[in-house]
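Structure first, then comments.
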Amino acid sequence: LRWFIIVFCSMCLSEGMFFSLALRFLKYSILLQLVMATPHLEIIGIPDFTPAFDLNVDYLGHPVKPGQTIKPSFSQMMPHVSYPGEEGSFYTLAMVDPDAPSSSHPTAREWRHWVVADIPGDDVSKGTIVSHYAGPSPPSGSGPHRYIFVLFKQPEKNGHVKPLDDRARGKFKIADWVKTNSLGTPQAYNYFLSENKQE
């Protein structure tokens, strides 16, 4: 399909415009394949696991299907997150971007977008905000970014998790942070792709 599109375009466009569009198309196609082929959890230091249940993420009434593409502008408001949490148990929810500032050069991996700890059962609104929600903001031309949500089940209520500095969100390591604060093991995850296509 990729080469069919390129050949078709070559018949309709000038040589210079054709090569410009072809190179741009191939660039994003390769980046997207790279992103989709990379294990999503291992890339943030979490060994692959079988989810205990679905982690439902909803933006403006639209459920997020794992791996779907969402425009940055559509995900600026804090999403509604739901899951079948156990009564009497506590959870930690995190959202990170392992592709910052770009999927080809992720020197700021992981960019922290949201962390909530000590969530009682399934009520995220009653958890302790450790890092306030910040919507996706992929730089222009940086290719597709993954935005990964991970839910951890805590062994008990922590009560002593300190807020993180929202002025310094880059190079966060969610797996190390969870381990340091004894916030349990991963239970479920979800993710979507987002890209700033402005040049």
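In what follows, every heavy atom counts, from backbone to side chain, and hydrogens, waters and symmetry copies are set aside. Because the structure is a prediction, the values reported are computed rather than measured.
- With rounding to the nearest 0.5 Å, the separation of CD1 in Ile119 from OG in Ser89 is 12.0 Å.
- Nearest heavy atom pair, residue Pro47 against residue Glu42, reads CA-CG, 4.5 Å.
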Checking Val96 against Trp111 for the side-chain contact (heavy atoms from CB on, under 4.5 Å) test, could you report, in this order, the C-alpha distance in whole Å, the side-chain angles of both residues, the deciding distance, and whether it holds?
CA-CA 5 Å; Val96 296; Trp111 192 268; over 6 Å; no
May I have the step-by-step check of side-chain contact (heavy atoms from CB on, under 4.5 Å) for Leu183 and Phe90, ending in yes or no?
CA-CA 9 Å; Leu183 292 174; Phe90 292 87; over 6 Å; no
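- Neither Ile44 nor Val116 shares a network with the other; the hydrophobic side chains, linked directly or stepwise wherever heavy atoms of I, L, V, M, F, W or Y lie under 4.5 Å apart, form separate groups for each.
- Within the 3.5 Å criterion, the main-chain N or O of His132 finds a donor-acceptor partner in the side chain of Asp166.
- Looking at Trp114, Phe149, Tyr147 one by one, the single match for ring-ring contact (aromatic ring centres under 6.0 Å, His included) with Tyr133 turns out to be Trp114.
- Using a 4.5 Å cut-off between side-chain heavy atoms of Ile, Leu, Val, Met, Phe, Trp and Tyr, with links allowed through other members, Leu60 and Val81 fall into the same hydrophobic cluster.
- Arg169 places a side-chain N or O within donor-acceptor distance of the main-chain N or O of Arg112, the cut-off being under 3.5 Å.
- Residues Arg146 and Leu193 come closest through the heavy atom pair CG-CD2, 3.5 Å.
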Take Ile46 and Phe152 through the test side-chain contact (heavy atoms from CB on, under 4.5 Å) and record every step on the way to the result.
CA-CA 11 Å; Ile46 299 175; Phe152 300 84; 3.7 Å; yes
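- Taken to the nearest 0.5 Å, the NZ atom of Lys65 stands 11.0 Å off from the CD1 atom of Ile70.
- Residue Ala188 comes nearest to Pro51 through the heavy atom pair CA-CB, 4.2 Å, listed as atom of the first residue, atom of the second, then distance.
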Worked check of side-chain contact (heavy atoms from CB on, under 4.5 Å) between Phe53 and Leu151:
CA-CA 10 Å; Phe53 42 73; Leu151 183 75; 3.7 Å; yes
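- Note: Met78 CE to Gln76 CD = 13.5 Å, rounded to the nearest 0.5 Å.
- Taking OG from Ser103 and CD1 from Ile43, the interatomic distance works out to 11.0 Å, rounded to the nearest 0.5 Å.
- For Lys157, the NZ atom is loosely surrounded, since the number of other residues' heavy atoms within 6.0 Å does not exceed 12.
- Glu195 and Lys71 are not joined by a salt bridge, as no carboxylate oxygen comes within less than 4.0 angstrom of a charged side-chain nitrogen.
- The nearest pair of heavy atoms linking Asn196 to Pro138 is CB-O, 3.1 Å.
- Counting only N and O atoms by type, the side chains of Gln154 and Thr92 include a donor and acceptor under 3.5 Å apart.
- In this structure, His145 NE2 and Thr69 OG1 are separated by 12.5 Å, a value rounded to the nearest 0.5 Å.
- Here the side chains of Arg109 and Asp99 are in contact, with some heavy-atom distance below 4.5 Å.
- Between Trp177 and Phe172, the ring-plane angle classifies as tilted under the 30° and 60° cut-offs.
- Close placement of the His62 and Phe74 rings is indicated, their centers lying within 6.0 Å of each other.
- The minimum heavy-atom distance linking Pro98 with Pro106 is given by the pair O-CB, 3.4 Å.
- Atoms CG and OG, on Asn56 and Ser82 in that order, are 4.0 Å from each other to the nearest 0.5 Å.
- When the side chains of ILVMFWY residues are joined at heavy-atom separations under 4.5 Å, either directly or via intervening members, Val178 and Val161 end up in a single hydrophobic cluster.
- If you chain together hydrophobic residues whose side chains sit under 4.5 Å apart, Tyr191 and Tyr83 never meet in one group.
- Counting heavy atoms from C-beta on, the side chains of Val64 and Asp58 never come closer than 4.5 Å.
- A donor-acceptor contact shorter than 3.5 Å is absent between the side chain of Asp118 and the backbone of Gly127.
- Scanning all heavy atoms of the two residues, the minimum distance from Pro63 to Gln68 falls at O-OE1, 3.4 Å.
- Criterion: ILVMFWY side-chain heavy atoms under 4.5 Å apart, direct or through other members. Under it, Met95 and Leu41 are not part of a common hydrophobic cluster.
- Looking at Pro136 and Ser75, their side chains come closer than 4.5 Å, going by heavy atoms from C-beta outward.
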